[in-house]
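The structure appears below as structure tokens.
Positions are given from 1, in the same order as the sequence printed here.
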Amino acid sequence: MSENVNISDRAADKLHKEAEAVSKLKGSGYPTGIMRELSGSICSMLVRFCYQEEDFAQAVLDHKDKLQTCLEKIVKLSTRDKPVVSDLDAYAEAVRFYIPEGKVTMSCRVVIPVERDDDLLDLGALDEEPQGEAVILEFPLLED
């Protein structure tokens, strides 16, 4: 690879290649089928983080283990008592795989519709229909 390719591009390329390798794993049962299913979404999220933060991209490049090992750790979050792992828990585990002290919080953008007054729209008093206002809600992951 040429040296003019930035760190985020190199990390993204690494992750995409590793995700492609996971997608080609043979077998349909546990845990292989689950890792294949997770590889695309986890890879996409990690790539986004690489483009948002060069330190994260560097951690991905420096990490000796591959994405498959990361996915194995995510699959192990599922237990008999807690068989389903949330996306947020999976993303948090993926971040901790590359940066052990890393934490993930989530922001949701909720669009709250404004009251619609069809009479005003019909009379042409409004140029366009009101779309609502986005409100950002944040919440931390709960630590077990």
Rounded to the nearest 0.5 Å, what separation is found between the [atom1] atom of [X] and the [atom2] atom of [Y]?
X     : Y     : atom1 : atom2 : value
Leu61 : Phe56 : CG    : CZ    : 11.0 Å
Lys14 : Cys43 : NZ    : SG    : 11.5 Å
Arg48 : Ser8  : CZ    : OG    : 14.5 Å
Leu25 : Leu71 : CG    : CG    : 9.0 Å
Cys70 : Leu15 : SG    : CG    : 9.0 Å
Ser44 : Tyr91 : OG    : OH    : 8.0 Å

Over all heavy atoms of both residues, which pair between [X] and [Y] is shortest? Give the atoms and the distance, please.
X      : Y     : value
Gly102 : Arg96 : O-CG, 3.5 Å
Ala19  : Ser39 : O-OG, 4.0 Å
Ala94  : Ile74 : CB-CD1, 4.1 Å

Verdict with reasoning, Leu46 to Val60, per side-chain contact (heavy atoms from CB on, under 4.5 Å)
CA-CA 9 Å; Leu46 291 171; Val60 168; 5.6 Å; no

Please determine if Lys17 and Glu20 form a salt bridge, counting it only when a charged side-chain N lies under 4.0 Å from a carboxylate O.
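Salt bridge flag = no for Glu20 with Lys17.
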
May I ask you to decide whether Lys82 forms a salt bridge with Asp89, counting only side-chain N to carboxylate O separations under 4.0 Å?
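Looking at Asp89 together with Lys82, the answer is yes, because their closest N to O distance falls below 4.0 Å.
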
Would Asp9 and Tyr51 count as having a side-chain donor-acceptor pair, cut-off 3.5 Å?
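Distance-only check passes for Asp9 and Tyr51.
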
So, the side chain of Arg36 versus the backbone of Gly27: is there a donor-acceptor pair under 3.5 Å, distance only?
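At least one qualifying donor-acceptor pair exists.
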
Do Glu18 and Val22 pass the side-chain contact (heavy atoms from CB on, under 4.5 Å) test, and can you show the C-alpha distance, the side-chain angles, and the key distance before you say yes or no?
CA-CA 6 Å; Glu18 292 176 2; Val22 170; 5.8 Å; no

Hydrophobic cluster membership, [X] vs [Y], 4.5 Å side-chain cutoff:
X     : Y     : answer
Leu38 : Leu88 : yes
Val95 : Val85 : no
Ile7  : Ile99 : no

Any non-hydrogen side-chain atom of [X] less than 4.5 Å from a side-chain atom of [Y]?
X     : Y     : result
Leu67 : Phe97 : no
Val84 : Ser78 : no
Met35 : Val75 : yes

Decide if atom CD of Glu53 counts as having more than 12 heavy atoms of other residues, nucleotides or ligands within a radius under 6.0 Å.
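Counting neighbours around CD of Glu53, more than 12 heavy atoms of other residues, nucleotides or ligands fall under 6.0 Å, so yes.
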
Would you list the pairs meeting side-chain hydrogen bond (donor to acceptor under 3.5 Å, both in side chains) in which at least one residue belongs to residues 64-73, sequence neighbours left out?
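Applying side-chain hydrogen bond (donor to acceptor under 3.5 Å, both in side chains) to every pair that reaches into residues 64-73, excluding sequence neighbours, yields Gln68-Glu72.
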
